[in-house]
Amino acid sequence: MTATEDAPAHFIRRIIEADNASGKWGGQVRTRFPPEPNGFLHIGHAKSICLNFGLAERYNGSCNLRFDDTNPAKEEQRYVDSITNDVQWLGFDFAGQPRFASDYFETMYDYAVELIRKGKAYVDDQNAEQIRESRGTLKEPGTPSPHRDRSVEENLDLFEKMRTGEFPDGSKVLRAKIDMASPNINLRDPVMYRVLNAHHHRTGDAWHIYPMYDWAHGIEDSIEGITHSICTLEFEDHRPLYDWFIEAINEGRGPGSEWGEPIVHPQQIEFAKLRPTYTVMSKRNLLKLVTDGVVSGWDDPRMPTISGYRRRGYTPESIRNFCDEIGVTKFDAMIDIGRLENAAREHLNKVAPRRMAVLDPIKVTITNWGDGGDEGRTEWLEAVNNPEDPSAGSREVPFTKTLYIERDDFMEDAPRKFFRLKPGGEVRLRYGYWISCHEVVKDDAGNIVELRCTYDPQTKGGDSPPPDAEGNVRKVKGTLHWVSADHAVKVEVRQFDRLFWVEKPDRKPKDAGDDWTFFENLNRDSLQVLDACYLEPNWKPGESEAGFADGITRVQFERQGYFCLDDDSTGDRLVFNRTVSLKDSWAKQAGKG
RNA sequence: UGGCCCGUGGUGUAACGGUAGCACAGCUGGUUUUGGUCCAGUCGGUCGGGGUUCGAAUCCCUGCGGGCCAGCCA
């Protein structure tokens, strides 16, 4: 928290602080997060959520979760539920229940009638194609509709009939009468209402017209008393229209006016949305990944959705920290997705309990295990649960004659800087003993099937042996994780790689043909399932030391990465998802060749 | 000559007319029973050209580059 409080104020905070200083809103700050319930939330929404709710927290204001449900053709209750859940999981509180634009339909209708009576809106009989053609182009002005100068009475009558369902879909619209020659196309008599005889997930069949975004959004904000209406850059061109609608409603309002008192005029402010590397973000492309079976669903751990990151094991804190770190500007920047991975490592390092698990096992036999007593004995050795958090305590891990270590941790012909296990070499088994390898057993195909090693009874717990006669202490460079073959639990581990090979997967190359899609950039090996991994037996799902508030079981498998228990787990088969690997400077060096 | 917006190290972001700083990544080294963490050091930048000013990343002009806009989507 201190980090964010100390961070310099970004441009939206400056606006708010200036407003507070001038008393524009009486020191009040009210924001909102206004998703359309037509899909699942992704990491880009998280930035907006953290911004809006974060500002409310910082300035002692409030932030509403408001569903912009103005298009029943695309919206569903299940999206409302999932979005609500995601916002709560991220840790934000929206004072009571979510709001809905549809709750304001009646008020919006009244305002529309008011604009008609003021001569600022009219019913147009043109169809969609005619309207498009008469709108003009980016360089040429539009031409007025033949219905633009209908009488107020006729407009009122037609609009009423639109509402009550007397017209078929698309046959009529209500338009604002602004300026068909405006260089800003949004001002060329924008549509306010369309006829849509559709069933709405909340208002049912009460309405046969539905408001367009530009008309509806400012009114929603105004009704809720929003002070700062924050949206993304592509709405910049819409701001003049946002302001026009509210000013049109307020025209002639005031004390004693037949129209009543002026309504609140929130300030729309635009910022650059989040664009992470190595992923697609549009709802359309995300949907295609799901429908084409590239991923298992919206919550596939490889998806950039909130539900995907949750299932992957990301903590709400890590996502919020990430959103705080990347800043808020009007520059359309690309954010290295590695920043999000770092945020996960940073948080999980502090709170994830440690366990040992061997993902790709190779058998190790301690040939002199009998030297220390009964060859069949099990020694229980103390292991620290989290070196970053002493209060996490310790546990005991079993050491026996037969163990598993990671296949990668042994090399027969090792380079100089490889300080793991090699023939004749000695390493520490973490919290166990020091061992050295004296024999490599292979099958007929030449695959290593077993390492025969000896242990040093004087290194119990992994400690250094006593000094020799000259006072020299033997040292080892490498420390390996391991499990007892007799005690280990066999589990499944799923490792994920990024879904795409290139930074901007939806960027079509210049020389690409018409049949090109972003699927060309898919990483077809983004999922690796390891079904024979061995986990130390100290495992009690749901009882990890950290006690994550969201009920998700998260853990660090030492030297490998952070993992979480997947819901696919059953009583006799645990499934772990790798959230993110640990940093691996050996892999980096080995990769240099 | 359509309109609007945006250009600061590799990436992101500060400096709001007065010493170009921070973070991440990279690289060096140190500590370490995780090649993790942690610590120290280091590399590296104001898109170009004019102008205003004692002084410009900041203000003005211009060029270049990037983004958005012609849904009865949001």
Side-chain angles (χ1 to χ4, degrees), chain A residues 3 6-11 14 34-36 38 68 70-71 73-75 124 126-129 131-133 135-142 169-175 182-188 190-196 209-210 212-214 216-217 231-240 270 272 277 283 325-336 338-339 342-343 345-346 349-350 354 356 383-384 387-388 417-420 427-432 434 459 461-464 476-481 556-561 581-590:
Chain A
D6 294 339
H10 55 69
F11 80 101
R14 280 170 200 265
E36 183 186 15
N38 71 341
D68 210 1
T70 57
N71 186 1
K74 294 184 174 177
E75 297 152 7
D124 195 349
Q126 294 184 108
N127 62 34
E129 191 184 347
I131 289 179
R132 185 182 348 110
E133 285 170 356
R135 185 157 29 225
T137 67
L138 294 176
K139 295 182 181 177
E140 299 155 12
D169 285 2
S171 59
K172 283 186 170 45
V173 293
L174 183 72
R175 288 229 255 173
S182 172
N184 183 341
I185 290 178
N186 295 305
L187 264 20
R188 317 238 262 232
V191 174
M192 297 166 65
Y193 280 94
R194 73 278 214 185
V195 176
L196 213 57
I209 53 172
Y210 290 92
M212 299 289 291
Y213 168 87
D214 286 307
H217 204 86
C231 61
T232 46
L233 248 30
E234 65 266 30
F235 291 102
E236 239 162 354
D237 286 345
H238 296 242
R239 181 164 14 102
E270 311 85 18
T277 55
K283 279 175 185 165
E325 283 166 12
I326 58 177
V328 178
T329 66
K330 299 190 73 157
F331 178 65
D332 198 22
M334 269 290 207
I335 302 289
D336 183 350
R339 299 284 292 254
N342 284 341
R345 289 189 185 100
E346 191 180 4
N349 174 54
K350 293 183 194 130
R354 271 59 166 174
M356 292 196 286
V384 172
E388 304 293 318
K417 289 186 176 173
F418 182 88
F419 45 86
R420 280 117 92 147
V427 294
R428 169 190 295 113
L429 294 184
R430 187 154 159 91
Y431 305 126
W434 292 18
T459 58
D463 293 337
S464 296
V476 286
K477 269 288 229 175
T479 300
L480 311 186
H481 61 278
Q556 181 197 105
F557 288 160
E558 295 228 16
R559 299 207 306 133
Q560 301 189 111
S581 68
L582 255 33
K583 279 196 206 159
D584 188 349
S585 58
W586 163 247
K588 193 185 292 179
Q589 177 173 317

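Just so it is clear: chains get the letters A, B, ... in the order the sequence lines come, proteins before strands, and each one is counted from 1.
Atom CD of A:Gln589 is separated from atom C1' of B:U28 by 13 Å (rounded to the nearest Å). Summarising the geometry, the separation between CZ on A:Arg345 and C1' on B:A25 is reported as 12 Å, rounded to the nearest angstrom. Put simply, CZ on A:Arg339 is 8 Å from C1' on B:U13, counting in whole angstrom units. Note: CD1 (A:Ile335) to P (B:A25) measures 14 Å, nearest angstrom. As a whole-Å value, the separation of A:Phe11 CZ from B:C5 P is 13 Å. Put simply, CD1 on A:Ile326 is 16 Å from C1' on B:A25, counting in whole angstrom units. Put simply, CZ on A:Arg559 is 14 Å from P on B:U37, counting in whole angstrom units. Taking atom NE2 on A:His481 and atom P on B:U34, their separation rounds to 13 Å, with Å as the unit.
The residue A:Met334 sits close only to the backbone: its heavy atoms come under 4.0 Å of sugar-phosphate atoms, none of a base. Within 4.0 Å of A:Pro387, counting heavy atoms only, lies at least one base atom of the nucleic acid. Looking at heavy-atom distances under 4.0 Å, A:Lys350 makes no contact with the nucleic acid at all. Using a 4.0 Å heavy-atom cutoff across all strands shown, A:Phe418 reaches at least one base atom of the nucleic acid. Residue contacts for A:Phe419: at a heavy-atom cut-off of 4.0 Å it reaches a base atom on one of the strands shown. Note on A:Thr329: only backbone sugar-phosphate atoms sit closer than 4.0 angstrom, heavy atoms only; bases stay farther off.
Under the rule for a side chain to side chain contact (heavy atoms under 4.5 Å, CB included), the partners of A:Ile335 that lie at least two apart in sequence or sit in another chain are A:Leu274, A:Phe322, A:Ile326, A:Arg339. The side chain to side chain contact (heavy atoms under 4.5 Å, CB included) check on A:Pro183 picks up nothing, with sequence neighbours excluded. Residues that satisfy the side chain to side chain contact (heavy atoms under 4.5 Å, CB included) test with A:Asp214, not counting sequence neighbours, are A:His238, A:Leu241, A:Phe245.
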Item checked: Watson-Crick or G-U pairs under 3.5 Å in RNA chain B, rendered as dot-bracket with [ ] for crossing pairs and | for another strand -> .((((((..((((....[..)))).(((((.......)))))....(((((..]....))))))))))).....
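Proximity of A:Thr277 to the phosphate of B:U11: no side-chain N or O atom is located under 4.0 Å from OP1 or OP2. Between B:G7 and A:Lys330, no contact under 4.0 Å exists linking OP1 or OP2 to a side-chain N or O.
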Check: Could you run down nucleotides 67-74 of chain B 5' to 3' and tag each one B, S or - for protein heavy-atom contact under 4.0 Å?
Finding: SBBBSBSB
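Residue A:Gln560 places no side-chain atom within donor-acceptor reach of the base of B:U34, judged by atom type and a 3.5 Å distance cut-off alone. A donor N or O paired with an acceptor N or O is found under 3.5 Å between the base of B:U34 and the side-chain atoms of A:Arg354. Residue A:Arg420 places a side-chain atom within donor-acceptor reach of the base of B:G35, judged by atom type and a 3.5 Å distance cut-off alone.
We find the CZ-OH distance between A:Arg194 and A:Tyr210 to be 9.5 Å, quoted to the nearest 0.5 Å.
Side-chain contact between A:Leu582 and A:Arg345 is absent, with no heavy-atom pair separated by less than 4.5 Å.
Taking the centre of each ring, A:Trp586 and A:Phe419 stay at or above the 6.0 Å mark.
A salt bridge links A:Arg239 with A:Glu270; the closest basic N to acidic carboxylate O contact falls under 4.0 Å.
In this structure, B:G21 shows a glycosidic angle more than 90 degrees from zero, which is the anti conformation.
Side-chain polar atoms of A:His481 and A:Arg430 form no donor-acceptor pair below 3.5 angstrom. Side-chain N/O atoms of A:Asn127 and A:Glu129 include no donor and acceptor closer than 3.5 Å.
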Tabulate atom names and distances for all N/O pairs under 3.5 angstrom spanning the protein and nucleotides 38-48 of chain B.
none

